[in-house]
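See below for the structure under consideration.
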Amino acid sequence: MRRLIVAACLSACAALPAFAAECITSKGAFGQYKQTLAQQAAAAGVGQRGLTALQNAQLSGITWRFESNPGNQTGTLQGDPARFLAKRSGSTADSFISQTRNRIARNPNTFGSIERNYGVPAGILATIWGLETSWGGYLGGTSVVDGAVTLSSYCRRHPRFEPHAIAALQMVDDGILSPSTQGGPSGELGHMQFLAGNWLKYRVDGNGDGRADPYNAVDALASAANMLRLNGWQAGQPFGEGTHNFNVLSVWNDSGNYLRAIVYSAQRAGS
């Protein structure tokens with residue numbers, strides 16, 4: 001979920017060069033980064049609750065360590081989706097695929113409705129759900145705000161992810177998140193681990209209760225399908241490597257290993 005950026009936030013940031021926050025290479029400069037980011041966020045429309053969350057944000061040690069060792073993110077599993085699934089899930093590829101198949105079987109109406117509305121097969125969505133949060137079993141242990149702001153501050157990721165940090169603050173303003181809401185170390189949130197900006201852009205109310213909640217599985221699954229559809233997913237078409245739909249999947253995660261694992265599992269779990 002690290003590829004797309006919210007257009008509204010990006011436009012606001014681009015229009016404010018006087019407030020552009022400079023990236024940092026030292027943990028000790030995090031406070032200074034937050035001060036400049038606060039000016040940028042305020043100019044983009046973030047209100048007091050969001051700004052207070054930024055003021056209280058702490059540098060995420062796990063995020064900083066992860067970004068400081070980019071080699072740990074690539075792995076050595078090129079072209080072997082079964083090994084990728086096993087490493088990611090902590091079991092075996094067959095076990096992961098079996099659990100994915102069971103999730104689909106237990107929720108046929110949900111997955112069927114989403115596929116009719118958005119054209120994205122159950123196998124794709126259930127696989128991503130499993131890879132991201134073990135089907136909701138673990139939604140993360142890092143403050144979303146802390147993770148998003150830390151990632152935004154880091155020079156290797158800045159300014160690409162700064163709009164997502166501002167979006168996370170806006171979500172605090174809107175009551176979608178609290179300053180302590182937990183997610184992934186890079187600010188990912190909810191069942192499908194959206195980046196904040198992508199959630200604001202693609203969110204839909206999947207269960208019909210009047211609100212789009214990333215911590216509701218149905219809303220998160222429907223929003224993921226909406227994201228793929230709006231980026232060109234073609235209903236009923238193949239999604240294997242080299243196809244148009246495979247390329248569309250890269251908007252979710254541009255790692256080739258990850259994409260091949262999605263396809264491998266989805267083709268076997270039922271699509």
Side-chain angles (χ1 to χ4, degrees), residues 1-3 62 66 71-115 118-142 182-186 188-195 198 206 214-228 233 237-243 245-271:
M1 286 304 300
R2 294 185 169 191
R3 186 166 180 172
I62 188 172
F66 188 68
N72 293 338
Q73 302 176 35
T74 58
T76 58
L77 305 178
Q78 185 76 16
D80 193 340
R83 286 182 61 202
F84 182 94
L85 288 173
K87 182 176 181 179
R88 182 86 177 204
S89 66
S91 57
T92 66
D94 286 344
S95 175
F96 177 89
I97 293 166
S98 176
Q99 291 181 74
T100 301
R101 189 181 297 118
N102 288 340
R103 287 287 170 172
I104 297 170
R106 287 163 52 184
N107 301 279
N109 294 335
T110 293
F111 284 107
S113 175
I114 291 174
E115 182 164 5
Y118 302 100
V120 182
I124 292 289
L125 295 173
T127 293
I128 294 173
W129 189 17
L131 288 171
E132 293 291 349
T133 64
S134 295
W135 305 280
Y138 181 70
L139 301 181
T142 303
Q182 302 289 290
S186 298
E188 308 97 330
L189 52 98
H191 278 262
M192 300 296 275
Q193 295 289 275
F194 276 87
L195 291 173
N198 290 340
Y215 290 87
N216 175 275
V218 178
D219 288 357
L221 287 163
S223 298
N226 185 49
M227 177 175 168
L228 292 174
W233 184 272
Q237 297 301 305
F239 49 79
E241 191 167 4
T243 65
N245 280 344
F246 183 88
N247 293 335
V248 172
L249 282 172
S250 68
V251 306
W252 185 271
N253 189 309
D254 55 11
S255 162
N257 287 335
Y258 193 105
L259 300 184
R260 284 185 285 272
I262 293 175
V263 169
Y264 182 86
S265 171
Q267 289 174 336
R268 288 157 179 77
S271 57

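Start at 1 with the first residue, then count along the sequence.
- Proximity of Pro108 to Ile104: side-chain heavy atoms (C-beta onward) are nowhere separated by under 4.5 Å.
- Taking 4.5 Å as the limit, some side-chain heavy atom of Leu131 sits within range of a side-chain heavy atom of Phe96.
- Taken from CG in Leu249 to CD1 in Ile128, the straight-line distance is 6.0 Å, to the nearest 0.5 Å.
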List the steps and the verdict of side-chain contact (heavy atoms from CB on, under 4.5 Å) for Phe194 and Glu188.
CA-CA 5 Å; Phe194 276 87; Glu188 308 97 330; over 6 Å; no
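- Nearest approach of Leu195 to Ser186, heavy atoms of both residues: CD2-O, 3.6 Å.
- A donor-acceptor contact shorter than 3.5 Å links the side chain of Thr127 to the backbone of Gly123.
- Under the side chain to side chain contact (heavy atoms under 4.5 Å, CB included) criterion, Ala225 pairs with Ile114, Tyr118, Val120, Leu125, not counting sequence neighbours.
- Between Gly190 and Thr133 the shortest heavy-atom distance is O-CG2, 3.6 Å.
- Between Phe111 and Trp129, the ring planes are tilted. Angles from 30° to 60° get that label.
- Cation-pi geometry between Arg268 and Tyr264 is met: the NZ or CZ atom falls under 6.0 Å from the ring centre, inside 45° of the normal.
- Smallest separation of non-hydrogen atoms from Met227 and Asn198: CE-ND2, 4.2 Å.
- If you check the side chains of Trp252 and Glu132, you find a donor sitting under 3.5 Å from an acceptor.
- Contact detail for Gln237 and Asn245: the closest heavy-atom pair is O-ND2, 3.4 Å.
- For the pair Phe246 and Arg260, the minimum side-chain heavy-atom distance is below 4.5 Å.
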